[in-house]
2 protein chains.
Amino acid sequence: MSKSLNQVISTLERAGGFASAQEVYSNLRKQGKTTGLATVYRALQKAVSEKSVDVLRKEDGEALYRLCTTGHHHHLLCISCGKTIEIEGSAVEKWANTVAKNHGFRAVTHVVELSGLCAKC
Amino acid sequence: MSKSLNQVISTLERAGGFASAQEVYSNLRKQGKTTGLATVYRALQKAVSEKSVDVLRKEDGEALYRLCTTGHHHHLLCISCGKTIEIEGSAVEKWANTVAKNHGFRAVTHVVELSGLCAKC
DNA sequence: AGCACAAATGAGAATGATTATCAAAATCAA
DNA sequence: TTGATTTTGATAATCATTCTCATTTGTGCT
Ligand SMILES: [Zn+2]
Ligand SMILES: [Zn+2]
Ligand SMILES: [Zn+2]
Ligand SMILES: [Zn+2]
C-alpha cells in the first residue's frame with residue numbers, strides 16, 4: 001500500500017464518518033503533511049475502486065468518502081446533525097437482484113441511502 | 001407557469017428520459033430558442049422544488065433531470081446505453097420505513113437507484 | 001396609450017470540485 | 001551506481017453550476 005493511500009485511509013479513520021476530498025486534504029495539511037490535492041484524489045479513487053472506501057454524493061454533487069467497514073451495507077443519515085447509522089439490508093439486496101433479473105440486466109449495482117431526522121433532532 | 005419553465009418542461013418531455021441541464025440548454029438552442037443557460041438552471045431548480053421533475057446524479061456528479069411520471073418509483077439504468085426502466089418497489093418502501101422506525105428516525109426519505117448492463121449491452 | 005415598478009431573462013464572470021499535465025523526487029532492478 | 005518506472009506535488013485546465021447585473025418583459029393603474 002502506497003504512502004499516500006495510507007495517509008488518506010488514516011485520515012478517514014480519524015474523521016470517523018464521511019469526509020470530502022477537500023476535507024481530507026486540508027486535514028492532512030493541518031497535520032503538517034505536504035501531500036498534494038491531486039494525490040489525495042488519486043488515493044481516494046484507488047480506495048474506491050478497491051472497495052475499501054464508500055462514496056456518496058451530497059445534494060450539491062460533491063463526493064463524500066468513508067472507510068468501508070466490514071462488508072456491504074447502507075446508511076441512515078440524519079440531515080440535521082449529520083449522524084449516520086450503518087444498516088443491514090438483506091431485503092433490499094434480494095429485491096435488487098430480483099428486479100435486475102426480471103429485466104435481463106447483468107452486473108447490477110445499487111445505491112440505497114436513507115435520510116431523515118434522528119430521534120434527537 | 002413562466003415561459004422558460006414551459007420550454008424546459010417540453011424539452012424534457014421530448015427527451016423522454018433523463019437529460020442534463022447542459023443538454024436541455026443545447027436542445028433549446030438547436031430549436032432556435034435564445035434561452036440562456038442560467039434560465040435553464042433556474043427553471044430546473046423550480047421544477048425540482050415543485051416536485052414536477054426528478055433529479056439524480058451521474059457517477060461523475062453531474063445532475064440529470066427527468067419529468068416526474070405519476071407517483072413514487074425508482075430506476076434501473078443501463079450504464080452502457082443509458083436505457084432506463086421505471087421500477088416499482090413496495091418491498092423497498094416497507095423496508096425503508098421499518099429501518100427508520102427501528103432507529104427512531106422521522107421524515108425519512110430514500111434514494112434507491114439500480115444500475116448495470118441491459119440485455120442488449 | 002403612457003407610466004411606474006416588479007419580475008424574468010441572457011450574457012458573461014465567478015466559483016468550486018475534479019482532472020490533466022508535467023517536471024521533480026522517490027522506488028526499483030540489475 | 002545507473003537507468004527505467006512509478007509516485008508525487010504544484011499548477012493549469014475543465015466543466016457544471018451559480019452569481020451579477022444591465023436589459024427586457026410583464027403588470028397594474030391612470
Ligand atoms: Zn440528528
Ligand atoms: Zn445493498
Ligand atoms: Zn444497455
Ligand atoms: Zn421508494
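Chain A is the first sequence line, chain B the second, and so forth, proteins listed ahead of strands; every chain is numbered from 1. Since we're looking at a predicted model, the values are computed, not measured.
- In this structure, the CG atom of A/L44 is 13 Å from the P atom of D/dT8, given to the nearest Å.
- One end of the helix from C/dA1-D/dT30 to C/dA30-D/dT1 points its axis 30° away from the other end's axis, with each axis taken from 5 pairs and the angle rounded to 10°.
- The side-chain heavy atoms of B/D54 and B/H73, taken from C-beta on, include a pair separated by under 4.5 Å.
- In terms of modelled atom types and a separation under 3.5 Å, the side chain of B/Q31 and the main chain of B/L28 share no donor-acceptor contact.
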Once base and sugar-phosphate atoms are separated, protein heavy atoms under 4.0 Å mark nucleotides 24-29 of chain C, 5' to 3', with B, S and - as ------

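- Taking the salt bridge (charged side-chain N to carboxylate O under 4.0 Å, His left out) definition, one finds that A/R66 meets it with A/E86, sequence neighbours left out.
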Side-chain polar contacts of residues 93-100 of chain B - donor-acceptor pairs under 3.5 angstrom, sequence neighbours left out - could you list them?
unit_1 : atom_1 : unit_2 : atom_2 : d
B/E93  : OE1    : B/H72  : NE2    : 3.2
B/E93  : OE1    : B/H110 : NE2    : 3.1
B/E93  : OE2    : B/H72  : NE2    : 3.2
B/E93  : OE2    : B/H74  : NE2    : 2.9
B/N97  : ND2    : B/E93  : O      : 3.3
B/T98  : OG1    : B/K94  : O      : 2.9

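- Sorted by first and then second residue, the ring-ring contact (aromatic ring centres under 6.0 Å, His included) pairs with a member in residues 21-41 of chain B form an empty list; sequence neighbours excluded.
- Every side-chain hydrogen bond (donor to acceptor under 3.5 Å, both in side chains) that A/T109 has, sequence neighbours left out, goes to B/S115.
- For A/E59, the side chain to side chain contact (heavy atoms under 4.5 Å, CB included) test picks out no residue, with sequence neighbours left out.
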Protein-proximity profile, nucleotides 16-21 of chain D, B/S/- by nucleotide at the 4.0 Å heavy-atom cutoff, equals SBBBB-

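- Between A/Y25 atom OH and C/dT18 atom C1' the separation is 14 Å, expressed in whole Å.
- When the side-chain hydrogen bond (donor to acceptor under 3.5 Å, both in side chains) test is applied to A/K58, the partners found at least two apart in sequence or on another chain are A/E62.
- Side-chain contact between B/T84 and B/L76 is absent, with no heavy-atom pair separated by less than 4.5 Å.
- Partners of B/H103 according to the side-chain hydrogen bond (donor to acceptor under 3.5 Å, both in side chains) rule, which considers only residues two or more places apart in sequence or in another chain, do not exist here.
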For nucleotides 22-25 of chain D, tabulate all protein N/O to nucleotide N/O atom pairs closer than 3.5 Å, reporting atom names and distance.
none

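- Formation of a donor-acceptor pair under 3.5 Å by the A/R29 side chain with backbone atoms of A/T34 is found in this model.
- Here the side chains of A/I85 and A/H75 are not in contact, with every heavy-atom distance at 4.5 Å or above.
- Under 4.0 angstrom from either OP1 or OP2 of D/dT8 there lies at least one side-chain N or O belonging to A/S4.
- In terms of phosphate contacts, A/R29 brings a side-chain nitrogen or oxygen within less than 4.0 Å of OP1 or OP2 of D/dA10.
- Between the CG atom of B/L28 and the C1' atom of C/dA11 there is a distance of 16 Å, rounded to whole Å.
- Of the candidate nucleotides C/dA11, C/dG10, D/dT8, D/dT8 has the atom nearest to the side chain of A/T39.
- With sequence neighbours excluded, the residues satisfying side-chain hydrogen bond (donor to acceptor under 3.5 Å, both in side chains) with A/R42 are A/T39.
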